[in-house]
Amino acid sequence: MPTLFEALQEKTREAVQHLYQHEVAAASIQVQLTRKEFEGELTVVVFPFVKIARNKPEAVGEAIGQYLVAHFEPVDRFNVIKGFLNLSFKDAYWARLLHHIAGDADFTVAPSTGQTIVLEYCGPNTNKPLHLGHIRNMVIGFSMAEILAAAGHDVHKVNIYNDRGIAICKSMLAWQLYGEGETPESSGIKGDHLIGKYYVRFAQEHARQVEELVAKGMDKEKAKLEAPLQQQAQEMLRQWEQGEPAVMELWRTMNGWVYAGFEETYAKLGVDFEKAYYESETYTDGRDMVYEGLEKGVFQKRDDGSVWVDLTDNDMDEKILLRSDGTSVYLTQDLGTAQARYNDYQMDRSIYVVANEQEYHFKALQATLEKLGKPFADGIYHLSYGMVDLPTGKMKSREGTTVDADDLYEEMVETAAATTQELGKTAELDADAAHALYRMIGMGALKYFLLRVNPKKRILFDPQESIDFQGDTGPFIQYTHARIRSVHRKWKAAGQPTGDFSGPLTAMERQLILHLYRYPQVVQEAAADYDPSHVANYTFALAKLYNRFYADHPILQGDNEGQQYFRVRLSALTADIISKSMKLLGIAVPEQM
RNA sequence: GGACCCGUAGCUCAACUGGAUAGAGCACUUGACUACGGAUCAAGAGGUUACAGGUUCGACUCCUGUCGGGUUCACCA
């Protein structure tokens, strides 16, 4: 069934053909929402037909308007201002739309596209805890998965653990040297934070050694490499790659602590994964793919034994794939991971939610897979998002200038609790329900804060200024939902009175219905643009519109039972769409707050 | 230096993908029902859309150049 917009485009096409004997593509006809200072709900832009018609814009608008009134049943009347044809629709038509939105189970669920998408997000290193940057990643990734699923795709969320390499060895080494057997259990420190503690410790001790060497006259860059700790870490990495049992054992133990810590954080944020990939398991596959490329002649081996791919045709440089000692680099293991993923899912699209500092890497990855002739190379998409900066600059784990994910979570929940208690509207909730509510509101504020902005843009986060709970925020939208549910409970308590209603509708009621009606379109746009902020902005606009409606439209005290029932339904539907939209953002909405 | 991204109200962001007088929130000023929840609503003030050209009936949007900010161009990941 065509949407209202499509039907209007088609009828306008018909009008142009009938009036001017000229074919235009229906899809090219511009339909927009009427600006609020003019009468009407939808506007057709007639400028493009002016040349065809060889007439003034006003005359063309007039002619098409008359045609539509005569031939497009929903249209009630129209007015023309310059090249804009503003259309008003019949009250009965709005009632029909409302019925469609409420009654059609498929309204909020797009038909299946049959397309399989694998969406990778989070992708942490296992040598330090998660911070605000990871939160932005997870919130975008989770939301994008929800949106793509709502757009009809078959979405699989996966995680990738960068669980090997020199950084992990640094944490391991520092723990070995200074840890005195400390464990998460013995210290009461969450596993990922414990590893982070030793990562920082390594950096401190290493810096001290470097200073000593520099004091003895060594060049600083050289000292960084020559420092005993650095040497020991590299030796440990070599042992790891050789599968030295003691090192492997330590590695498995410490990574185990980290994963347990991460799981806790995922649960708090309400994100999940269908499957996890580990670079320690895929990097050898990547190496095999490089050999395969050598055989095919698409990669080149140099005299020193290193292997390269020439990407100069793709406006990039030559990239190394295997070091002269035969070991893998970052790009190599991502080749292996991509292949493993394809073996598991045979996906049509593979989306990587990764910060924009890795744009070059993903271009190189895609180009390299193309050279290998991999069928999944085309479907790779890097959902690149801007970094979260602090007023002091970039977050750096080694320097302890990060905003820790768990800390931020606690702060958000505490603020939500304080605000809620101050307003005192939920005093009757028991402790568990109250705490669940604070979490819901705190996470709503945080997630909305991160999702309302286009992912591409970098975000400046000022820890001094706490995230707002008023205005364009998650709690504002949650509040709107709670408010509607409250009215609904009152209506139910009054015995759920119903009645027929034939209008007239107010301008705001029409606007509200039209806005609700646009929901599927917004979902499609967000999916096509890989941009959850479309959904966030839509939801805020809906809540705002409803609050305005609420302020001067009596619902349970309407003129008659018909009008009351109509407004109850309109309200309930608004709550429903708010709830669904927020779900796409990974945010829950409360019955009261 | 090359490539990519960003620049809109004091601050944080929009602008239906080229359409009307560029809209919201925060902050500031003023106001609101003994009606359904004041985490709300209404009103005021706030703009040379970084700058200069160009294309177009029409440009925040497209093209060219300039300036400013960010990222990247590792035998790190």
Side-chain angles (χ1 to χ4, degrees), chain A residues 5 30-38 43 45 47-48 50-51 57 81-84 86 123 125 127 162 164-168 279 302 304-308 315-317 319-325 327 329-331 333-334 355-361 363-364 384 386-387 389 394 419-420 422-423 425 441 449 452-454 456-460 462 465 468-473 475-480 482-491 494 518 521-522 525 529 533-534 536-538 540-541 543-544 547-558 564 567-568 571 592-593:
Chain A
F5 296 85
Q30 296 178 53
V31 175
Q32 51 184 287
L33 305 183
T34 304
R35 287 187 160 254
K36 58 172 176 282
E37 59 266 39
F38 303 107
T43 295
V45 183
F47 283 111
V50 168
K51 269 188 200 150
I81 292 162
K82 295 201 273 181
F84 300 92
N86 303 319
N125 294 355
N127 66 314
N162 172 31
R164 62 179 280 275
I166 190 75
I168 287 91
E279 290 185 346
R302 290 188 183 170
D304 64 359
S306 59
V307 180
W308 297 71
D315 283 331
M316 283 176 278
D317 302 317
K319 297 289 293 179
I320 191 161
L321 293 171
L322 290 180
R323 297 187 187 100
S324 44
D325 64 3
T327 56
V329 296
Y330 182 38
L331 185 56
Q333 60 199 30
D334 264 11
N356 62 14
E357 59 185 352
Q358 297 196 34
E359 277 172 10
Y360 188 84
H361 169 75
K363 276 187 200 161
S384 163
M387 317 266 272
D389 287 330
K394 242 178 122 166
T419 308
T420 307
E422 194 182 314
L423 292 170
K425 293 184 226 174
I441 296 171
F449 173 81
R452 64 184 278 264
V453 184
N454 184 318
K456 275 192 294 193
K457 296 200 175 184
R458 73 183 254 270
I459 286 183
L460 186 71
D462 189 346
E465 285 176 39
D468 254 314
F469 282 58
Q470 286 172 0
D472 188 1
T473 66
F476 170 93
I477 298 166
Q478 290 172 318
Y479 169 77
T480 308
R483 189 187 219 189
I484 295 172
R485 299 300 301 159
S486 168
V487 174
H488 203 76
R489 283 191 293 273
K490 288 222 161 58
W491 172 72
R518 285 186 52 225
Q521 191 185 325
V522 171
E525 281 170 13
D529 291 353
S533 74
H534 288 320
N537 290 326
Y538 165 83
F540 173 66
K544 178 128 186 71
N547 280 324
R548 202 182 303 163
F549 158 82
Y550 181 92
D552 59 20
H553 289 65
I555 297 169
L556 301 179
Q557 281 75 30
Q564 289 163 21
R567 288 178 179 171
V568 165
S571 299
Q592 56 175 306
M593 67 185 271

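In what follows, every chain begins at residue 1, and chains take the letters A, B, ... in the order their sequences are listed.
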Need one value for [X]: base, sugar-phosphate or nothing, where a base atom within 4.0 Å counts as base even if backbone is also close, heavy atoms only.
X	result
A/Q333	sugar-phosphate
A/Q478	nothing
A/K319	nothing
A/R548	sugar-phosphate
A/L460	nothing
A/N86	base
A/A541	nothing
A/S533	nothing
A/D325	nothing
A/K490	sugar-phosphate
A/M593	base
A/T420	base
A/N162	sugar-phosphate
A/V45	base

Q: Would you please name every residue forming a ring pair (Phe, Tyr, Trp, His ring centres under 6.0 Å) with A/F476, sequence neighbours left out?
A: A/F540
Q | Partner of A/R567 under side chain to side chain contact (heavy atoms under 4.5 Å, CB included), chosen from A/Y550, A/W491, A/F549 | A | A/F549
Q: Verify the stacking flag for A/F47 against B/G19: centroid separation must be under 5.5 angstrom and the ring planes must differ by under 30 degrees.
A: yes
Q) Would A/F540 count as stacked on B/G25 if the rule is ring centres under 5.5 Å and plane angle under 30°? A) no
How far, in whole Å, is [M] from [N] if one measures between their [atom1] atoms?
N	M	atom1	answer
B/G47	B/C13	C1'	15 Å
B/U17	B/A59	C1'	13 Å
B/U72	B/G58	C1'	38 Å
B/C26	B/G18	C1'	31 Å
B/U61	B/A20	C1'	16 Å
B/G70	B/U30	P	40 Å
B/A24	B/A15	C1'	10 Å
B/U29	B/A35	P	28 Å

Measure [atom1]/[X] against [atom2]/[N] and give the value in whole Å, please.
X	N	atom1	atom2	value
A/L331	B/U72	CG	C1'	15 Å
A/I320	B/C73	CD1	P	14 Å
A/H553	B/A35	NE2	P	18 Å
A/K36	B/A42	NZ	C1'	13 Å
A/H361	B/A3	NE2	P	22 Å
A/K457	B/G70	NZ	P	17 Å
A/D472	B/U40	CG	C1'	15 Å
A/D389	B/U12	CG	P	13 Å

Under 4.0 Å from OP1 or OP2 of [N]: is there any side-chain N or O of [X] that close?
X	N	result
A/K82	B/U21	yes
A/K544	B/C41	yes
A/K456	B/C13	no
A/K363	B/A3	no
A/R35	B/A20	yes
A/Y330	B/A77	no

**Q.** Worked check of side-chain hydrogen bond (donor to acceptor under 3.5 Å, both in side chains) between A/T327 and A/R323
**A.** CA-CA 5 Å; A/T327 56; A/R323 297 187 187 100; 2.9 Å; yes
**Q.** Test side-chain contact (heavy atoms from CB on, under 4.5 Å) applied to A/Y479 and A/T473, step by step
**A.** CA-CA 10 Å; A/Y479 169 77; A/T473 66; over 6 Å; no
Q. Rounded to the nearest 0.5 Å, how far does CZ of A/R452 lie from CD1 of A/I477?
A. 10.0 Å
Q. What is the distance from atom CD of A/Q521 to atom NE2 of A/H534, rounded to the nearest 0.5 Å?
A. 11.0 Å
Which one, [options], comes nearest to the side chain of [X]?
X	options	result
A/V453	B/A39, B/C41, B/C13	B/C13
A/Q30	B/G18, B/A15, B/C41	B/G18
A/S324	B/U12, B/A20, B/C75	B/C75

(Q) So for A/T480 and B/A39, does any side-chain atom that can act as donor or acceptor lie under 3.5 Å from a complementary atom in the base? (A) no
Scan every strand shown for a Watson-Crick or G-U wobble partner of [N], both distances under 3.5 Å, and answer none if you come up empty.
N	answer
B/C60	none
B/G7	B/C67
B/A35	none
B/U55	none
B/G44	B/C28

Q) Looking only at heavy atoms, which two atoms of A/Q564 and A/L556 are closest? And how far apart? A) CD-O, 3.6 Å
Q: Could you go through the side-chain hydrogen bond (donor to acceptor under 3.5 Å, both in side chains) check for A/N547 and A/R483 one step at a time?
A: CA-CA 9 Å; A/N547 280 324; A/R483 189 187 219 189; 2.7 Å; yes
Q: Assign B/U72 to syn or anti; the rule is syn for a glycosidic angle within 90° of 0 and anti otherwise.
A: anti
Q: Please lay out, stage by stage, how A/R164 and A/Q333 fare under the test side-chain hydrogen bond (donor to acceptor under 3.5 Å, both in side chains).
A: CA-CA 11 Å; A/R164 62 179 280 275; A/Q333 60 199 30; 2.5 Å; yes
Q: Report the residue (A/N356 or A/Q557) whose heavy-atom-nearest nucleotide on RNA chain B is the more 5′ of the two.
A: A/Q557
Q. Distance-only, no hydrogens or angles: does the A/D304 side chain make a donor-acceptor pair with backbone N or O of A/S306 under 3.5 Å?
A. yes
